[in-house]
Amino acid sequence: MKAIEILKTDGRARRGTLLTGHGHIDTPVFMPVGTQGTVKAMTHKELWEMGVRMTLANAYHLYLRPGDEMIRRMGGIHEFSGWDGAMLTDSGGFQIFSLGVLREIKEEGVLFQSHIDGSRHFLTPEKMVKVQENIGADIAMCLDECVSYPSSYEYTSRSVDLTTDWARRCRAARSEEGSQKLFGIIQGGFYEDLRVKSAHELISMDFDGYAVGGLSVGEPKGLMWDMVDTVIDLLPPEKPRYMMGVGMPEDLLEGVKRGIDMFDCIIPTRLARNGTFFTPAGKMNIRNARFAEDKRPVVEGCSCYACRTYSRAYLRHLLMAHELTSFYLNTIHNVYFYMEFMGNLRRAIEAGTYDEFYRVFKRQYEGGEYDD
RNA sequence: GGAGAGGUUCCCGAGCGGCCAAAGGGGGCAGACUGUAAAUCUGUUGGCGAAGUCCUUCGAAGGUUCGAUCCCUUCCCUCUCCA
């Protein structure tokens, strides 16, 4: 079954509808990250009201706790959590990368030591497909190896072969009944030929969609876009393209311009908890002393609950006092900002004015004039 | 009135002859964060534009010493116990 319908294009930018088992999702879409089946500090109510219709959870984390079998017995992640929107699960590939000290990568799979209790687990592509089926994600991701930057050509090359082999095994392991979609993940580090090779091999396996992974791992920005450019035109236009783990608003702007349909990133939620707000004029660190007695909202004219109700001074106070409400309100603002931003991107594509939107946004965002 | 303990940089608190502008924590200030082991991490926190065999600082004033936050004397102030 088809995973996306493209409604309109503007240059390379695509405006479409992602077809999932839990609703049709307007693309380009940004998925807030909810690793453990919840976007930190949010309930479904706030997310839904802000227009979030799709989130990302993590199969590795849910496998360890509470357990994928348990979630299956509870009726799947949607029933278990009460989330009516769509959900994509990452396979745990990123954890192979980020929890590096606790792992050993083999051809057969990854030997992993749980960060929770130290227990040993052998994660294979087949197993992670099964885990994601148990969880009941609308979109599952293949197990992959996300290579760090910098990595040698030799290492990256072997890693791509491994990721490709794992993708083949994931493809073979999936059960064909049900509406869950499975995406392949293009790797290849920062070597164009490896990216091309990875893309070609995955495309030949006919996945429901394709992700570009292994980006934003510490490389210069230019390199990241080189890799996207290298691969984007190889991808079948009738399938969704997902840029994993990206990014900042300016990254979304660049990605959409290049034809990416889906993004996820921890940035809006984590930065919120750490005191950084997104504004049309760039990032704002609310801890800065100059906001101590600032009665204005974070963003003048912003319709989010936090901006409608609270001042910079008060939000700063909540953060400094380590009040839990701070996480809630800050996250609301940043997620709202992202949702509104994505809506604007989509409308710009519909209107055929993406280039203009791109220029205006960048000028404002890099101008940094929120402090008057 | 008697006995004892103590006063250290914004706060708490270590230091008890030079390696001390003074550990550590808190707080403050600033930075970072990109498929979340994140309610996290990093830097900085006396002055002098920077630097230093520089200046000021460890309750106050004297003293001993080449040298004192550290030893001595007196004073001021806190706290505890006894009366």
Side-chain angles (χ1 to χ4, degrees), chain A residues 30-42 54-62 64-65 87-103 112-118 128 132 137 139-149 163 183-187 209-221 224-225 242-252 254-255 260 262-278 283-292 316 318-328 330-331 334 338:
Chain A
F30 176 82
M31 300 174 279
V33 176
T35 303
Q36 317 237 37
T38 176
V39 175
K40 293 185 195 300
M42 293 289 97
M54 184 168 193
T55 59
L56 174 146
N58 187 278
Y60 165 77
H61 286 279
L62 293 175
L64 287 181
R65 184 173 57 193
M87 192 180 285
L88 177 149
T89 44
D90 183 26
S91 61
F94 187 74
Q95 280 59 44
I96 298 176
F97 164 76
S98 66
L99 303 180
V101 277
L102 304 172
R103 59 125 208 245
F112 233 96
Q113 206 170 352
S114 163
H115 63 279
I116 298 167
D117 62 5
M128 295 321 285
Q132 293 180 87
I139 297 177
M141 302 302 298
C142 288
L143 186 67
D144 66 329
E145 187 194 2
C146 180
V147 172
S148 57
Y149 175 83
T163 291
F183 283 21
I185 306 174
I186 297 163
Q187 290 290 347
Y210 297 94
V212 187
L215 299 177
S216 246
V217 289
E219 76 283 7
K221 271 285 159 69
M224 175 170 91
W225 295 118
Y242 167 27
M243 195 169 170
M244 302 186 80
V246 172
M248 296 286 184
E250 63 270 32
D251 299 328
L252 305 185
E254 293 291 343
I260 301 288
M262 304 163 63
F263 302 87
D264 80 279
C265 195
I266 58 105
I267 277 289
T269 47
R270 181 187 289 171
L271 291 209
R273 277 175 277 120
N274 291 342
T276 299
F277 285 118
F278 286 98
K283 291 186 287 184
M284 171 192 283
N285 188 341
I286 200 66
R287 285 187 330 225
N288 289 174
R290 67 180 190 277
F291 300 124
R316 179 174 189 276
L318 292 180
L319 184 80
M320 296 308 234
H322 307 294
E323 280 295 332
L324 295 178
T325 319
S326 172
F327 300 134
Y328 173 76
N330 294 4
T331 302
N334 278 357
Y338 266 61

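Convention: sequence-line order gives letters A, B, ...; per-chain numbering from 1. Computed over heavy atoms, backbone and side chain alike; hydrogens, waters and symmetry mates excluded.
- In this structure the side chain of Asn274(A) never reaches within 4.5 angstrom of the side chain of Arg287(A), judged on heavy atoms.
- The side chain of Ser98(A) contributes no N or O atom lying less than 4.0 Å from OP1 or OP2 of U36(B).
- Remark: the separation of the C1' atoms in U40(B) and G49(B) is 35 Å, to the nearest Å.
- Rounding to whole angstrom units, CG of residue Asp90(A) and C1' of G35(B) are separated by 4 Å.
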- Per-nucleotide protein contact string for nucleotides 41-47 of chain B (B base, S sugar-phosphate only, - none; heavy atom under 4.0 Å): -------
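- At a threshold of 4.0 angstrom between heavy atoms, the contacts of Gly93(A) with the nucleic acid are absent.
- Taking only side-chain atoms of Asn288(A), from C-beta outward, the nucleotide of G35(B), A30(B), U34(B) with the closest atom is A30(B).
- Here Met224(A) lies out of heavy-atom contact (under 4.0 Å) with every strand.
- In this structure, the nucleotide among G35(B), U34(B), G27(B) sitting nearest to the side chain of His322(A) is G27(B).
- As a whole-Å value, the separation of Trp225(A) CH2 from U34(B) P is 15 Å.
- For the segment residues 268-278 of chain A, the set of residues with a heavy atom within less than 4.0 Å of an atom of RNA chain B comprises Thr269(A), Arg270(A), Leu271(A), Arg273(A), Asn274(A), Thr276(A), in numerical order.
- Remark: Tyr338(A) pairs with no residue by the side-chain hydrogen bond (donor to acceptor under 3.5 Å, both in side chains) rule, at least two apart or across chains.
- Between Tyr242(A) and Leu56(A), the closest side-chain pair of non-hydrogen atoms falls below 4.5 Å.
- The gap from the C1' atom of A21(B) to that of U56(B) amounts to 10 Å, rounded to the nearest Å.
- Spacing of C1' atoms, C55(B) relative to C20(B), comes out at 16 Å, to the nearest Å.
- For U69(B) and C58(B), the P atoms lie 8 Å apart once the distance is rounded to whole Å.
- Taking both residues in full, the closest heavy atoms of Cys265(A) and Gly245(A) are given as SG-O, 3.7 Å, listed atom of the first, atom of the second, then distance.
- Taking atom C1' on both G27(B) and C76(B), the two are 30 Å apart, rounded to the nearest angstrom.
- For the pair Leu88(A) and Asp264(A), the minimum side-chain heavy-atom distance is 4.5 Å or more.
- Of all nucleotides present, none satisfies the Watson-Crick or G-U wobble test against G67(B) with each distance under 3.5 Å.
- A60(B): Watson-Crick or G-U partner is U74(B), with both key distances under 3.5 Å.
- The shortest side-chain heavy-atom distance between Phe183(A) and Ser91(A) does not fall under the 4.5 Å cut-off.
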- Query: Could you walk me through whether Met141(A) and Met244(A) pass the side-chain contact (heavy atoms from CB on, under 4.5 Å) check?
  - Reply: CA-CA 10 Å; Met141(A) 302 302 298; Met244(A) 302 186 80; 3.9 Å; yes
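- Across G63(B) and C82(B), the matching P atoms stand 41 Å from one another, rounded to whole Å.
- For C10(B) and U57(B), the C1' atoms lie 14 Å apart once the distance is rounded to whole Å.
- No side-chain donor from either of Asp90(A) and Tyr60(A) sits under 3.5 Å from a side-chain acceptor of the other.
- Contact annotation for Gln187(A): base contact, defined as any heavy-atom pair under 4.0 Å involving a base atom.
- Rounded to a whole Å, the CG atom of Asn334(A) is 15 Å from the C1' atom of U36(B).
- Between Ser216(A) and U34(B) there is no side-chain N or O to OP1 or OP2 distance below 4.0 Å.
- Side-chain N/O atoms of Gln132(A) and Thr89(A) include a donor and acceptor closer than 3.5 Å.
- Residue Tyr242(A) contributes atom OH, which lies 12 Å from atom C1' of U34(B) at whole-angstrom precision.
- In a base pair of the Watson-Crick type (N1 to N3 plus N6-O4 or O6-N4) or a G-U wobble (N1-O2 and O6-N3), with each distance short of 3.5 Å, A30(B) is matched with U42(B).
- Listed nucleotides: C29(B), U34(B), A37(B). Nearest to the side chain of Ile266(A): U34(B).
- Within the shown strands, nothing qualifies as a pairing partner of G17(B) under the Watson-Crick or G-U definition with both distances less than 3.5 Å.
- With rounding to whole Å, Phe263(A) atom CZ is found 13 Å from G35(B) atom C1'.
- A heavy-atom distance below 4.5 Å is found between the side chains of Met31(A) and Met262(A).
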- Message: Determine whether Asp251(A) and Trp225(A) satisfy the following criterion, side-chain contact (heavy atoms from CB on, under 4.5 Å), listing intermediate values before the conclusion.
- Response: CA-CA 9 Å; Asp251(A) 299 328; Trp225(A) 295 118; 4.1 Å; yes
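- The side chain of Gln95(A) places no N or O atom within less than 4.0 Å of a non-bridging phosphate oxygen (OP1 or OP2) of G35(B).
- Judged by distance alone with a 3.5 Å cut-off, a donor-acceptor contact links the side chain of Asp144(A) to the base of G35(B).
- Nucleotide C79(B) forms a Watson-Crick or G-U wobble pair with G4(B), both donor-acceptor distances falling under 3.5 Å.
- The listed nucleotides are G35(B), A37(B), U34(B); the one nearest the side chain of Ser91(A) is G35(B).
- Among the heavy atoms of the strands, none lies under 4.0 Å from Ile116(A).
- Taking atom P on both nucleotides, C29(B) is separated from U34(B) by 25 Å, rounded to a whole Å.
- As the counterpart of G24(B), C12(B) is assigned, both hydrogen-bonding distances of the Watson-Crick or G-U wobble pattern falling under 3.5 Å.
- Residue Asn330(A) contributes atom CG, which lies 13 Å from atom P of A39(B) at whole-angstrom precision.
- Using a 4.5 Å heavy-atom threshold, the side chains of Leu271(A) and Phe278(A) count as touching.
- The closest side-chain heavy-atom distance from Arg103(A) to Ile96(A) is below 4.5 Å.
- Across all strands shown, U36(B) has no partner, as no Watson-Crick or G-U wobble contact with both distances under 3.5 Å is found.
- Atom pair Leu319(A):CG and G28(B):C1' shows a separation of 14 Å (rounding to whole Å applied).
- Comparing Gly245(A) and Tyr60(A) by the nucleotide of RNA chain B whose heavy atom lies nearest to each, the residue mapping closer to the 5' end is Gly245(A).
- Base contact: Leu324(A) has a heavy atom under 4.0 Å from a base atom.
- Of the candidate nucleotides A37(B), A30(B), U34(B), U34(B) has the atom nearest to the side chain of Ile267(A).
- Taking atom CZ of residue Arg103(A) and atom P of nucleotide A37(B), one finds them 13 Å apart after rounding to whole Å.
- Summarising the base pairing, U53(B) is matched to no nucleotide, lacking a Watson-Crick or G-U wobble pair whose two defining distances lie under 3.5 Å.
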